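The structure's right below; bear with me while I get my questions together.
Owing to the predicted nature of the structure, the values given are computational and were not obtained by experimental measurement. The figures here come from the full heavy-atom set of this structure, side chains too, leaving out hydrogens, waters and symmetry mates.
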Amino acid sequence: MNYRPFIILDFGSQFTQLIARRLRELGYYSEIHSYKYSTEEIKKKNPYGIILSGGPNSVYEANSPQRDVSELRNISPLMGVCYGMQLLTHQLGGRVAKADHREYGLNYVTWTSVISGVPQKQKVWMSHGDVVEAPPKGFEIIAMSDGSHPAAMRGDGVLAVQFHPEVAHTDHGNDLLNYFAKDLCHAKADWDAPHIRDHLFEEIRKQVGATDHVLVGLSGGVDSTVVATLLTKALGAERVHCVFVDNGLLRKNEYESVLASYKTIGLNVQGVDASKEFLSALKGKSDPEEKRKTIGRVFIEVFEKSYDHKLPIKWLAQGTLYPDVIESVSSVGGSVTIKSHHNVGGLPEKMKLGLVEPVRELFKDEVRALGAQLGLPREMLWRHPFPGPGLAIRVLGEVTEEKLKILKDCDDVFISELRRRGLYEKIWQAFCVLLPVKTVGVQGDSRTYDHVLSLRAVTSSDGMTADWYPFEFEFLREVSNLITNKVKGVNRVVYDITSKPPGTIEWE
C-alpha cells in the first residue's frame, strides 16, 4: 500500500490486530509489523504515527522484546499500549516494577487531563502485572486507575496508556485512538471503500501489466468473489480466467447455484468437477493440518490442469486476507502459529506463476465494503465466511462421502432455519460440525447408535475475536428436532458456547 500509514509494532499482544482494525474503522490506514521492523524501513513509510503494542513480557526481563524508542520518537508521534507504555518508560529513564496487585479485566480510570471524546471517568479493559512507578523526565501522569496505578502518561509527541483502547470492552477506546491520530498526529482520514477500490485498481494494473492474464481460483466465498470481480473490472474479463472447483466439500447444492451466480455477475468462469480427486487424496487422513495441506496441494494440481496453457497466464490470484496472514505468520519470535491457511505462503515453483493477492492487507468487512463499491449483490457479500478446506474441517477425523452427506443435510436444515427466521445476517458465521463420536439414541421406538452433531454460531466484527450467539432455547429445540427427524445418521445435537479466545471459530 502506498497510503501514508500508522505503523503498529507488535510486541506479542493477542490484541495487536485490533489496533489496526480500529484505526481503519476511523479512516486511517495502518500496518502491523514485528517490533524488530527496521528504523530505515519505517522512515521510508513516513508514518503519521507509531504505536507500540502490548505484550506478555516484563520490560526488565533479560529476554523481553526491546528496541530503541528514541529513534522512533524522532520519526513521528508515538503511542504506547500496556507493554508499550512500560517500554517507553523503561527506555526513556523512568521506572517500571511489578505491581502489588495485578489489574486484569474491567477497571475504571480517572483522567486529570481533557482528552477529546473521552469522559473523565472511563471504563477500560486492563491486563498487566507491572506498573509505571515513575514516569520518564518530561512526562506527566494524566490518568490513574481505581487501583491507584498510573493509567496514562504524556510527553512531547508521546501518549501512553496502561489499558487496551482497542478492545470492545473499553468504552470510548476509538475516541482515544482518534485523539492520537487526529490531534497528535494530524492524520488525514482517507481510508474508505472508494479510495481502496481506486488504489487497488492502480496496484493491480501496475503488478500484472498491460498484457498478462490472471488465473483465479474461486471458492464460492466472499473473498475470492470480490478478488475475481476486482481483477475483472481492472483488467477486463478476457484477461481474468476464473476456475470454480467442485471439491466435493461444498455445502448442499452449492456448486450449481454459485456457478450460475458467477456467470450472472459477468465473470469469465469455468466449472471443474474434481470431487473424486479431493476425496481420494483425503482418504485415511484425520489430522486437521494434514487435511488442510492436502486440500491446498490438490487445489494447485487442479488449477494446473484447468486452463489453456497457451494463454499468456502469468499470475494466480488468491483471496488472502489480513487475518489469514497474521494467524499464519508470527510477528514475535517464539509465539505459536494457530493454524496454517491453504492460501498463505506462496506457490510451488513448478507452476511458474506470480502471486496476486490484492486484498491481502484488508479485513473481512473492508472486503465486503469493497465488494459493494464494485456492485456485487448483498446476498453474495453477506454470505457467512466459509473455510478454504470447506467441510473437510467440519467433519472431524477422516472425511468420507457418507459423513459429508450427513453434514451437508444437517447444515442445510440449520442455515435454512436461520434464513427463515431472519437470523442469518445477525450472525457472523454459523455452521455444523460432525463429531467423531457416536451415542446411543431412541428413534422410532428403536435403539440407534449414530453421530453427534454440534451447532456453531458466532458474532464478530472481523473474525479476530468472537462470541457465541445467544439463541432462544425454543429455536435450539426446534432445530435439534428437525435435524434428528430429517437426517439419518444423527441422533444427538449439541450447541457450542465457546468464544474466541479461548477457542477458534472453526473446530479444526
Legend entry - Inter-residue atom distance Asp198.CG - Asp192.CG, 0.5 Å rounding: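 Here the interatomic distance stands at 9.5 Å.
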
Inset, instruction - Using a cut-off of 6.0 Å, state whether more than 12 heavy atoms not belonging to Asp68 lie near its atom CG. - result: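 Result for CG/Asp68: enclosed.
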
Legend entry - Within-4.5 Å side-chain heavy-atom neighbours: Ser460 and Gln429: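 Sidechains of Gln429 and Ser460: no contact.
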
Legend entry - Pairs touching residues 400-410 that satisfy side chain to side chain donor-acceptor pair (under 3.5 Å), sequence neighbours left out: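 Non-adjacent pairs meeting side chain to side chain donor-acceptor pair (under 3.5 Å): Lys252-Asp409, Lys405-Asp409.
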
Inset, instruction - Return the set of residues passing salt bridge (Lys or Arg N to Asp or Glu O under 4.0 Å) with Arg419 (not counting sequence neighbours), or none when no residue passes. - result: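 Here no residue qualifies.
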
Inset, instruction - For Met79 and Pro165, work out which heavy atoms get closest and say how close. - result: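 The pair with the smallest heavy-atom distance is CE-CG, 4.1 Å.
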
Legend entry - Pair Glu31 + Lys45: basic N to acidic O under 4.0 Å: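 Salt bridge: yes.
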
Inset, instruction - Report yes if the distance between the aromatic ring centroids of Trp125 and Phe163 is under 6.0 Å, otherwise no. - result: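 Not close enough - the centres of the two rings lie 6.0 Å or further apart.
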
Legend entry - Interatomic spacing from CG in Asn178 to CG in Leu184 - rounded to 0.5 Å: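 Nearest 0.5 Å value for the CG-CG distance: 10.5 Å.
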
Legend entry - Whether Phe15 and His164 hold their rings parallel, tilted or perpendicular, with breakpoints at 30° and 60°: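 Correct class here is perpendicular.
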
Inset, instruction - Determine whether the side chains of Gln66 and Tyr35 contain a donor N or O and an acceptor N or O closer than 3.5 Å. - result: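 Their side chains do not contain a donor-acceptor pair, so the 3.5 Å distance test is not met.
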
Inset, instruction - Please examine the side chains of Ser224 and Leu218, heavy atoms only from C-beta on, and report whether any two atoms are closer than 4.5 Å. - result: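 Yes, at least one pair of side-chain atoms sits under 4.5 Å.
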
Inset, instruction - Please collect all ring pair (Phe, Tyr, Trp, His ring centres under 6.0 Å) contacts where either partner lies in residues 218-273, sequence neighbours excluded, each pair once. - result: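 Listed by first then second residue: His213-His241, Phe244-Tyr255, Phe244-Tyr262.
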
Legend entry - Arg394 to Phe431 six-membered ring, cation-pi geometry met (6.0 Å, 45°):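 Ring-cation test returns yes.
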
Inset, instruction - Return the set of residues passing ring pair (Phe, Tyr, Trp, His ring centres under 6.0 Å) with Tyr37 (not counting sequence neighbours), or none when no residue passes. - result: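 Result, ring pair (Phe, Tyr, Trp, His ring centres under 6.0 Å) vs Tyr37: His33.
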
Legend entry - Closest heavy-atom pair and its distance - Ala281, Val298: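 Ala281 and Val298 have their closest heavy atoms at CB-CG2, 3.7 Å.
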
Inset, instruction - Look at the rings of Tyr424 and His384 and say which category their plane angle falls in: under 30° parallel, 30 to 60° tilted, over 60° perpendicular. - result: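 Rings of Tyr424 and His384: parallel, as their planes differ by under 30°.
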
Inset, instruction - Please confirm whether the backbone N or O of Phe363 pairs with a side-chain atom of Glu366, one donor and one acceptor, at under 3.5 Å? - result: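 A pair under 3.5 Å: yes.
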
Inset, instruction - Return yes if a side-chain donor-acceptor contact under 3.5 Å exists between Arg67 and Thr39, otherwise no. - result: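 The answer is yes; a qualifying pair exists.
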
Legend entry - Beyond-backbone contact of Leu26 with Lys182, side-chain heavy atoms, under 4.5 angstrom: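 Contact flag for Leu26/Lys182 side chains = no.
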
Inset, instruction - Look at atom CG of Asp308 and say whether more than 12 heavy atoms of other residues, nucleotides or ligands are closer to it than 6.0 Å. - result: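 Yes, enclosed.
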
Inset, instruction - Mind checking salt bridge (Lys or Arg N to Asp or Glu O under 4.0 Å) for Arg368 and listing every partner two or more places apart, or none if nothing turns up? - result: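 With sequence neighbours excluded, Arg368 shows a salt bridge (Lys or Arg N to Asp or Glu O under 4.0 Å) to no residue whatsoever.
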
Inset, instruction - Decide whether Trp315 and Gln207 meet the rule of one side-chain donor and one side-chain acceptor closer than 3.5 Å. - result: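 Trp315 vs Gln207: no donor-acceptor pair found between side chains.
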
Legend entry - Pro385 and Val222, any side-chain heavy atoms less than 4.5 Å apart: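 Answer no - side chains too far apart.
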
Inset, instruction - Please name the pair of heavy atoms, one in Thr229 and one in Thr225, separated by the smallest distance, quoted to 0.1 Å. - result: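 In terms of heavy atoms, the two residues are closest at OG1-O, 2.8 Å.
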
Legend entry - Test salt bridge (charged side-chain N to carboxylate O under 4.0 Å, His left out) applied to Arg4 and Asp190, step by step: CA-CA 10 Å; Arg4 190 177 178 191; Asp190 59 359; over 6 Å; no

Legend entry - Partner set under salt bridge (Lys or Arg N to Asp or Glu O under 4.0 Å) for Glu398, not counting sequence neighbours: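 Expected list: none.
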
Inset, instruction - Could you label the plane-to-plane angle of the Phe6 and Phe180 rings as parallel, tilted or perpendicular, counting under 30° as parallel and over 60° as perpendicular? - result: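 Aromatic pair Phe6/Phe180 classed tilted.
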
Inset, instruction - May I ask you to decide if Ser275's main-chain N or O and Asp273's side chain share a donor-acceptor pair within less than 3.5 Å? - result: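 It does hold such a pair.
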
Inset, instruction - Measure the shortest side-chain to side-chain distance between Val69 and Val158 over non-hydrogen atoms and say whether it is less than 4.5 angstrom. - result: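 No - every pair of side-chain heavy atoms lies 4.5 Å or more apart.
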
Inset, instruction - Begin with the C-alpha distance, continue with both residues' side-chain angles, and end with the deciding distance and a verdict on side chain to side chain contact (heavy atoms under 4.5 Å, CB included) for Val118 and Asp171. - result: CA-CA 9 Å; Val118 179; Asp171 288 349; over 6 Å; no

Legend entry - Counterpart residues, salt bridge (Lys or Arg N to Asp or Glu O under 4.0 Å), relative to Lys283 (two or more places apart):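 For Lys283, no residue satisfies salt bridge (Lys or Arg N to Asp or Glu O under 4.0 Å) once neighbours in sequence are set aside.
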
Legend entry - N/O donor-acceptor pair under 3.5 Å between Thr264 side chain and Ala260 backbone: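 Present.
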
Inset, instruction - Using only heavy-atom distances, determine whether the side chains of Trp468 and Asp496 contain a donor-acceptor pair under 3.5 Å. - result: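 Judged by distance alone, the side chains do not pair up.
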
Legend entry - Validation row: Leu362, Leu200 side chains within 4.5 angstrom (heavy atoms):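 Contact flag for Leu362/Leu200 side chains = yes.
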
Legend entry - Under 3.5 Å donor-acceptor, Thr504 side chain and Lys500 backbone: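 Side chain of Thr504 to backbone of Lys500, a donor-acceptor pair under 3.5 Å: no, none is there.
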
Inset, instruction - Not counting sequence neighbours, which residues clear side chain to side chain contact (heavy atoms under 4.5 Å, CB included) with Thr459? List them please. - result: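 Counting only residues at least two positions away or on another chain, Thr459 forms a side chain to side chain contact (heavy atoms under 4.5 Å, CB included) with Asp467, Tyr469.
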
Legend entry - Distance (rounded to the nearest 0.5 Å) between Ile51 CD1 and Asp10 CG: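 Ile51 CD1 to Asp10 CG: 12.5 Å, rounded to 0.5 Å.
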
Legend entry - Any Thr16 side-chain heavy atom under 4.5 Å of Glu166 side chain: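 Thr16 vs Glu166: side chains apart.
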
Inset, instruction - Identify whether the distance between the nearest side-chain nitrogen and carboxylate oxygen of Lys44 and Glu40 falls below 4.0 Å. - result: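 Looking at Glu40 together with Lys44, the answer is no, because their closest N to O distance does not fall below 4.0 Å.
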
Legend entry - Point-to-point distance, once rounded to the nearest 0.5 Å, from CG of Leu311 to CZ of Arg239: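 It is 12.0 Å, given to the nearest 0.5 Å.
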
Legend entry - Test item: Ile42 and Pro47 side chains (from C-beta on) under 4.5 Å apart, heavy atoms: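 SC-SC contact between Ile42 and Pro47 confirmed.
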
Legend entry - Residues which pass side-chain hydrogen bond (donor to acceptor under 3.5 Å, both in side chains) with Ser30, listed by chain and number, not counting sequence neighbours: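 For Ser30 there are no side-chain hydrogen bond (donor to acceptor under 3.5 Å, both in side chains) partners, ignoring immediate neighbours.
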
Legend entry - For Ala234, all residues meeting side chain to side chain contact (heavy atoms under 4.5 Å, CB included), sequence neighbours excluded: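 Residues passing side chain to side chain contact (heavy atoms under 4.5 Å, CB included) with Ala234: Phe201, Ile204, Arg205.
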
Inset, instruction - Please answer whether the main-chain N or O of Gly173 pairs with a side-chain N or O of Arg22 as donor and acceptor at a distance below 3.5 Å. - result: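 No; zero donor-acceptor contacts below 3.5 Å.
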
Inset, instruction - Kindly say whether Val59 contributes a backbone atom to a donor-acceptor pair with the side chain of Asn57 at under 3.5 angstrom? - result: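 Flag not set: sc Asn57 to bb Val59 has no pair under 3.5 Å.
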
Inset, instruction - With sequence neighbours left out, write down each residue that passes side-chain hydrogen bond (donor to acceptor under 3.5 Å, both in side chains) with Glu417, or none if nothing qualifies. - result: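 Residues passing side-chain hydrogen bond (donor to acceptor under 3.5 Å, both in side chains) with Glu417: Arg420, Arg421.
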
Legend entry - side chain to side chain contact (heavy atoms under 4.5 Å, CB included) involving Glu254 - partner list, sequence neighbours excluded: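 For Glu254, the residues satisfying side chain to side chain contact (heavy atoms under 4.5 Å, CB included) (neighbours in sequence not counted) are Leu250, Arg251, Val258, Arg383, Phe386.
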
Legend entry - Atom NZ of Lys233: over 12 foreign heavy atoms under 6.0 Å: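 Counting neighbours around NZ of Lys233, 12 or fewer heavy atoms of other residues, nucleotides or ligands fall under 6.0 Å, so no.
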
Legend entry - Asn268 side chain to Ala237 backbone, donor-acceptor under 3.5 Å: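 Yes, because the side chain of Asn268 sits within donor-acceptor range (under 3.5 Å) of the backbone of Ala237.
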
Legend entry - Ser499 side-chain N/O to Pro501 backbone N/O, donor-acceptor pair under 3.5 Å: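 Checking the backbone N and O of Pro501 against the side chain of Ser499, no donor-acceptor pair under 3.5 Å is found.
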
Inset, instruction - Give, for atom CG of Asp246 and atom CZ of Phe278, the distance between the pair rounded to the nearest 0.5 Å. - result: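 Answer rounded to 0.5 Å: 9.0 Å.
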
Legend entry - Any donor-acceptor N/O pair, Arg197 side chain to Leu374 backbone, under 3.5 Å: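 Absent.
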
